[in-house]
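This report refers to the structure that appears directly beneath it.
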Amino acid sequence: MDNASNNETNENTNESLDFIRAEIADDIKNNLNDGRVHTRFPPEPNGRLHIGHAKAFCLNFSIAKEFGGKCNLRFDDTNPIKEEQEHVEAIMEDVKWIGWDWEDRLYFASDYFDQMYEWARQLIKDGKAYVCDLTPEQTREHRGSLKEQGKESSYRNRDISESLDLFEKMKNGQFPDGTRCLKAKIDMTSPNINMRDPVMYRILHATHHRTADKWCIYPMYDWAHGLEDSIEGITHSLCSLEFENHRPLYDWFIDQLNIHHPKQREFARLNLTYTVMSKRKLARLVEGNHVIGWDDPRMPTISGLRRRGYSPAAIRNFCKTIGIAKTDSTIDLALLEHCLRDNLNATSNRVMAVVNPLKVVITNYPDDQVEELEAINNPQDESAGTRKVHFTKELYIEREDFMEDAPRKFFRLSVGREVRLRYAYFVTCTDVVKDENGQVTELHCTYDPATKGGDAPDGRKVKGTIHWVSTTESLKAKVNACDNLFTKENPEATEDGQDFIDNLNPDSLSVLENCFVEKSLANTTPGDRYQFERLGYFCTDTESSEGNLVFNKTVGLRDTWAKLKKQKQNAPKKK
RNA sequence: UGGGGUAUAGUGUAACGGCAGCACGACAGACUCUGAAUCUGUUUGUCUAGGUUCGAAUCCUAGUACCCCAGCCA
């Protein structure tokens with residue numbers, strides 16, 4: 001089905017490899033780890049996954065797949081204060097939905113706490129770690145700064161036996177939070193601040209979502225992560241650029257313990273125009289009620305994209321297309337949308353829907369007649385078959401498809417002009433009905449019965465084809481028209497005293513209550529994706545039900561007419 | 001201004017001493033029962049300055065710009 005096992009990857013081609021794959025290929029050639037490749041995706045369960053995470057886990061899973069290796073899903077749950085079980089489940093669902101399978105390799109850092117504790121004791125015994133009684137503030141002072149080196153803690157050279165004893169008491173909960181910690185004894189003069197006696201364990205009397213109250217000390221990332229990788233036999237530990245400074249520490253711990261040594265390699269995280277990509281900022285959008293939740297269709301979260309109508313294949317292909325490098329970069333949203341349309345065009349059934357209706361009366365059409373006309377479901381995929389659409393005397397067309405003083409280049413309806421109603425008839429507009437404000441409320445047209453199905457036997461051509469639905473043989477629907485959440489390419493670029501919230505797009509969601517869709521959509525269920533002909537791709541919302549249809553606009557079709565219009569508006573007036 | 005990184009078209013990404021290529025975008029055209037898709041074409045680039053070399057995006061030297069690091073977060 002919709003998983004990642006189609007041949008999307010570049011195995012057996014001569015395509016150039018990114019720097020990580022190149023190194024792995026080299027490692028295999030040199031028989032490092034007996035030629036084994038084993039990666040992992042290690043999310044912290046403190047929020048939802050977003051498309052930036054998708055870049056990371058698609059990298060890890062696809063590398064494993066390409067090199068005949070494995071990829072683990074591992075929750076890095078070392079901080080009980082911020083983490084929740086609820087996120088664990090959502091994250092698994094997201095990774096699975098994108099199409100990846102960790103098989104039986106679902107792991108939790110918390111499963112290794114006992115082993116980590118033993119290893120910590122070993123470092124203490126080796127004189128490479130010590131319990132420090134400095135307060136967090138004092139620790140900060142001792143650390144020095146970017147320019148000044150740090151100074152050693154007075155507890156640094158306390159007896160090993162004392163550290164061992166204290167460490168056990170820490171574990172047993174005999175000290176309050178923050179009163180002591182375990183530190184690695186490395187080098188307070190190191191130019192790399194991470195090496196200045198980093199904290200390995202802190203005291204945290206908190207209930208962990210998996211280990212409950214078993215522990216009151218919890219390992220820090222730098223101490224824990226390499227051990228987790230090592231325990232699982234990871235060969236290549238891929239992470240983002242900001243951990244490059246931590247690599248010496250990652251290596252140091254593993255070297256001291258003399259255990260299996262994975263390679264940590266760093267790549268640039270994903271940035272996308274017109275959105276933000278940090279859990280903290282996304283959480284702010286949710287908590288500040290700027291969106292309706294983590295799965296708001298405007299959010300760059302996996303669940304948001306899913307609800308909006310993105311397909312797993314589109315996201316996978318995007319992640320593959322953007323490549324992997326170490327340069328900080330920001331991908332143009334247009335590329336994501338390209339990958340989306342590319343996939344949806346090939347896979348979505350077409351359907352007719354009118355989102356901003358204008359009534360049309362076919363004056364020479366029999367009053368109560370209903371005709372069934374054949375329509376193609378997907379011109380890109382013959383196996384998708386055909387369906388019937390229902391034609392009647394009264395129809396809705398898109399308000400945008402009529403113009404009173406239409407320029408020559410406007411190929412749609414105007415008084416005296418003939419267009420094709422898709423799959424139906426040629427019609428010519430004869431009259432315009434207006435209300436007292438001059439607003440067009442209704443169009444009168446005549447149809448040519450000879451053009452049934454959409455072709456004129458006399459060979460006459462018509463420049464425009466527009467979509468329509470019957471007023472009676474259609475269903476009412478609501479459409480959430482989603483647009484970019486932010487007005488600026490870079491939402492972080494703000495005036496003094498402002499932040500990204502000030503760049504929120506006030507029109508990011510317009511709700512269209514008065515839409516009509518063809519009857520074939522009666523039994524649509526949440527998650528179904530369609531192309532509304534000439535409008536764009538839409539997805540049945542999670543809140544949609546029979547009799548109360550709701551669709552989210554995933555992305556519009558490319559629209560060269562709209563572009564033309566905009567160009568004209570912006571162009572300087574001509575003579 | 002300590003340390004660690006990174007600079008190739010508008011945006012990404014290749015080229016590993018030998019023709020700067022690809023994708024997206026933009027622009028122009030063809031086709032079209034979706035102003036979609038498809039097809040064709042055009043446009044724009046090696047951070048700067050020196051050096052090595054027959055030949056440099058690639059090697060060397062010196063600059064410049066940007067990113068990351070001073071959580072008992074990850």
Side-chain angles (χ1 to χ4, degrees), chain A residues 15-18 22 42-44 46 76 78-79 81-83 132 134-136 139-141 143-150 177-183 190-196 198-204 217-218 220-222 224-225 239-248 266 268 273 279-280 321-339 341-342 345-346 350 352 375-376 379-380 409-412 419-424 426 451 453-455 461-467 489 531-536 556-564:
Chain A
E15 273 175 47
S16 61
L17 301 177
D18 58 69
E44 185 192 9
N46 68 342
D76 206 1
T78 56
N79 188 347
I81 293 171
K82 304 200 303 187
E83 296 155 6
C132 182
L134 257 28
T135 64
T139 293
R140 192 187 330 121
E141 285 157 18
R143 190 152 34 225
S145 70
L146 296 181
K147 280 185 266 188
E148 309 153 84
Q149 54 188 47
D177 290 3
T179 52
R180 266 172 256 259
C181 64
L182 185 72
K183 287 178 179 171
S190 172
N192 182 345
I193 292 178
N194 296 128
M195 300 299 273
R196 321 236 262 233
V199 174
M200 294 166 63
Y201 276 96
R202 75 282 215 186
I203 301 173
L204 241 39
I217 54 171
Y218 290 91
M220 298 289 290
Y221 171 88
D222 284 313
H225 202 86
C239 60
S240 46
L241 246 28
E242 68 268 28
F243 290 102
E244 211 157 12
N245 294 327
H246 296 246
R247 192 152 104 199
E266 311 81 12
T273 56
K279 269 190 216 169
R280 207 200 99 246
T321 303
I322 56 178
I324 296 293
K326 296 190 71 162
T327 320
D328 287 305
S329 61
T330 302
I331 307 285
D332 196 333
L333 181 63
L335 180 58
L336 211 212
E337 294 186 338
H338 163 78
C339 294
R341 291 193 186 101
D342 187 49
N345 176 48
R350 318 283 122 130
M352 289 201 282
I376 294 165
Q380 311 290 320
K409 285 275 186 63
F410 185 80
F411 302 147
R412 310 175 189 181
V419 300
R420 171 168 37 232
L421 294 180
R422 177 139 235 226
Y423 298 124
F426 285 14
T451 58
D455 289 302
K461 297 278 185 216
V462 90
K463 190 67 187 164
T465 299
I466 65 176
H467 62 278
E489 270 198 22
Q531 184 196 98
F532 288 0
E533 292 227 26
R534 300 210 310 134
L535 293 178
L557 255 24
R558 285 189 64 209
D559 189 346
T560 52
W561 167 247
K563 208 183 287 177
L564 250 175

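Quick note on labels: first sequence line is chain A, next is B, and so on, each numbered from 1. What you see below is based on every heavy atom in this structure, not just the backbone, and it leaves out hydrogens, waters and symmetry mates.
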Touch class at under 4.0 angstrom, heavy-atom based, for A:K279 against every strand present: nothing
Provide the Watson-Crick or G-U wobble partner of B:rA30, both distances under 3.5 Å; none if there is no partner. B:rU38
When we call it a touch if two heavy atoms are under 4.0 Å apart, what does A:L146 touch: a base, just sugar-phosphate, or nothing? base
Under 4.0 angstrom, heavy atoms only, what part of the nucleic acid is A:Q149 near: base, sugar-phosphate, or nothing? nothing
Any base atoms under 4.0 Å from A:K183, or only sugar-phosphate, or nothing? Heavy atoms, all strands. nothing
Please evaluate the base of B:rC68 for a donor-acceptor partner in the side chain of A:N245 within a cut-off of under 3.5 Å? yes
Does B:rG71 fall in syn (glycosidic angle within 90° of 0) or anti? syn
Aro-ring/base stack A:W561-B:rG35, d under 5.5 Å, angle under 30°: yes
What's the closest nucleotide to the side chain of A:T330 if the choices are B:rC24, B:rG35, B:rG12? B:rG12
How is A:E533 classified with respect to the nucleic acid when contacts are heavy atoms under 4.0 Å: base, sugar-phosphate, or nothing? base
With heavy atoms under 4.0 Å as the rule, sort A:R558 into base, sugar-phosphate or nothing. sugar-phosphate
Any donor-acceptor pair under 3.5 Å linking the side chain of A:D18 with the backbone of A:A325? no
In whole Å, measure the gap between the C1' atoms of B:rA23 and B:rU43 for me. 16 Å
Interatomic distance where CG belongs to A:D328 and P belongs to B:rC69 [whole Å]: 11 Å
Please work out if A:Y218 contacts a base, only the sugar-phosphate, or nothing of the nucleic acid, heavy-atom cut-off 4.0 Å. nothing
Name the nucleic acid region contacted by A:I376, choosing base, sugar-phosphate or nothing; use a 4.0 angstrom heavy-atom cut-off, strictly under. nothing
Hunt down the Watson-Crick or G-U wobble partner of B:rU6, both distances under 3.5 Å, from any strand shown, or write none. B:rA65
Which part of the nucleic acid does A:R247 contact within heavy-atom distance under 4.0 Å: base, sugar-phosphate only, or nothing? nothing
Complementary nucleotide for B:rU58 - Watson-Crick or wobble, under 3.5 Å: none
Touch check for A:R420, heavy atoms < 4.0 angstrom, all strands: base, sugar-phosphate only, or nothing? base
Taking atom C1' in both B:rU42 and B:rA9, what distance in whole Å separates the two? 14 Å
Provide, to the nearest angstrom, the distance between the CD atom belonging to A:E266 and the P atom belonging to B:rC68. 16 Å
Check this for me: does the side-chain of A:K326 come within 3.5 Å of the base of B:rU6 through a donor and an acceptor? no
Just by modelled atom types, is the A:T273 backbone N or O under 3.5 Å from a matching donor or acceptor in the A:T330 side chain? no
Answer with base, sugar-phosphate or nothing: what part of the nucleic acid does A:T78 contact at a heavy-atom distance below 4.0 Å? sugar-phosphate
Whole-Å distance between B:rU34 P and A:R534 CZ? 10 Å
